[in-house]
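First the structure, in the form of C-alpha cells, and then the observations on it.
Chain letters run A, B, ... following the sequence lines, proteins first, then strands; residues in each count from 1.
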Number of protein chains: 2
Amino acid sequence: MSTHFDGSAEEQRALDVYIKLTRCAESVNARINQRLSDLKLTISQFGVLEALYHLGPMHQNELGQKILRSSGNMTMVIDNLCKRGLVERCRNEEDRRYVRVSLTPAGQQLIHDYFPEHVKIVLEEIGVLSPAEQEKLQHLCKKLGLGKVG
Amino acid sequence: MSTHFDGSAEEQRALDVYIKLTRCAESVNARINQRLSDLKLTISQFGVLEALYHLGPMHQNELGQKILRSSGNMTMVIDNLCKRGLVERCRNEEDRRYVRVSLTPAGQQLIHDYFPEHVKIVLEEIGVLSPAEQEKLQHLCKKLGLGKVG
DNA sequence: AGAGGATTGCTTGATGTTAAACTGGTACAA
DNA sequence: TTGTACCAGTTTAACATCAAGCAATCCTCT
C-alpha cells in the first residue's frame, strides 16, 4: 500500500490512484456508517432494512445481491433482525426453497425514522464536491468499476 | 443502497455518487486481490509484507496504522505470518512494550517475487482510465476523503 | 411418466476482522 | 516510592466472508 516503490512514472501513478480510491471509499464509508452504531445496526442490517423499505419484501438471495453480501451472511443478518423483531421470515409454500423476508411494523418504523438522517449525512459528505465534480466522479467510478472488458 | 428513493435531485445525486464510489472501490479491490488467494495470503498479510519490504522493520502498532487494520487484528495477522516463517517478532529490550516485526529471508523472497505482478495487475485495472482521468480521480478522492473539515 | 443428475436457495463451519476489555510495561508527579 | 495515567499488545465476542453441505425443484432422456 505504500508509495515507496521505485517503478515507472506510469506504475507509480496507478498505484497512487488505487490507494487514494481505496482510502477515500473507506473513510467516507466510515463516517457515513458511524451513526448506525447508535441504532445498534450493522451496515448489512441497515442495508437489508433499507432494501425492504424501498423495494418491498424479497427472498434472502435477492437481498444478498442487492446489498452485495454473501448468502451465508444473509442467514445471520436476518436471524439477528428477526430476534429484534424488525423483519419476518416466511417460507414460500409454492417453492419451499425460498424464504420471503419482510419488514415488521417495528422495522418499518425504524427505517422510516432513520432514513432521512442517513440521506442528510450522505449529502453532507458528498456535498464537499460540486455538482459537476460529483458527475465527474460518478463517471470515472463507473468506468473503473466495469473494468477492462465492460 | 437502492436508488428507489424519492428525495430532491440533490439528495438523489449524492446517494448515487456514494453508491457508485463504494461499488467501484469494492470491485476494483476484488479484482486486484484475486491473485493473493493463490499465494494463500490475505489482504492484510500482503499489506504487512509489502510495508515491511518497502519501509523496513516496524513495530506492530505502526504496521496496523500503515495498512489500516486494528491492533487486535495485527496480533493474528503476524501470528499467521510467523507460523509460515515469513516474518519474525522481536521484543524491544529498551522498551519491552514494543514488538519489532521484520521480514525473514523467505518473506523477503516471496514479496520480492510477487510485487512486480501486483503492480502489473494494478496498472491493468487503473489503466482503463487515461492519465488525465487518473489525475482527476485522484484529486476528487483526496478532496472527498478529507471530508468537510479538511 | 419417471429416474437421476444438475441447479438453486439456505445453512453450517472454518477463518479473518473489529471493538472493547484486559494485561503488562513505562512515565511522571506528588 | 508510589499512585496514576498512558501505551503496546493480547484476548474475547460478535459479525463478515468463502466453501462445503443439505434440501427442494427442475431438466433431460428413455
*Roughly how many Å is it from CZ in B:Arg96 to P in C:dA27, rounded to a whole number?*
13 Å

*asked:* Between A:Gln60 and A:Arg89, do the side chains contain a donor N or O and an acceptor N or O under 3.5 Å apart?
replied: yes

*Residue mapping more 5' on DNA chain D - nearest nucleotide basis, A:Ser44 or A:Asp95*: A:Ser44

*Scan nucleotides 10-15 of chain C nucleotide by nucleotide, 5' to 3', and note B when protein non-hydrogen atoms come under 4.0 Å of the base, S if they reach only the sugar-phosphate, - if neither.*
SBB---

*From B:Glu93 CD over to B:Arg100 CZ, what is the distance, rounded to the nearest 0.5 angstrom?*
12.5 Å

*asked:* Whether the A:Asn29 and B:Tyr18 side chains hold a donor-acceptor pair (N or O, under 3.5 Å, no angle test) is what I'd like checked.
replied: yes

*Touch check for B:Gln45, heavy atoms < 4.0 angstrom, all strands: base, sugar-phosphate only, or nothing?*
nothing

Show me the side-chain donor-acceptor pairs of residues 34-42 of chain B shorter than 3.5 Å, one per line, residues at least two apart or across chains.
| from | atom 1 | to | atom 2 | distance (Å) |
| --- | --- | --- | --- | --- |
| B:Arg35 | NH1 | B:Glu117 | OE2 | 2.1 |
| B:Ser37 | OG | B:Gln34 | O | 2.9 |
| B:Thr42 | OG1 | B:Gln45 | N | 3.1 |

_Whole-Å distance separating the CG atom of B:Asn33 from the P atom of C:dG16_ = 15 Å

*asked:* Would the distance check show the side chain of A:Glu133 and the main-chain N or O of A:Ser130 forming a donor-acceptor pair, the cut-off being under 3.5 Å?
replied: yes

*DNA chain D: 5'-most and 3'-most nucleotides touching chain B, 4.0 angstrom heavy-atom criterion*: D:dC7 to D:dT11

_Considering every strand and a 4.0 Å limit on heavy-atom distances, what is the contact class for A:Gln65: base, sugar-phosphate, or nothing?_
nothing

*The single option from B:Val87, B:Val99, B:Val77, B:Leu52 passing side chain to side chain contact (heavy atoms under 4.5 Å, CB included) against B:Leu63*: B:Leu52

*Heavy-atom distance under 4.5 Å between the side chains of B:Cys82 and B:Glu88, does that happen here?*
no

*Which whole-number value in Å describes the distance from B:Glu93 CD to C:dT26 P?*
9 Å

*If you round to the nearest 0.5 Å, how far is CG of A:Asp16 from CD of B:Glu135?*
9.0 Å

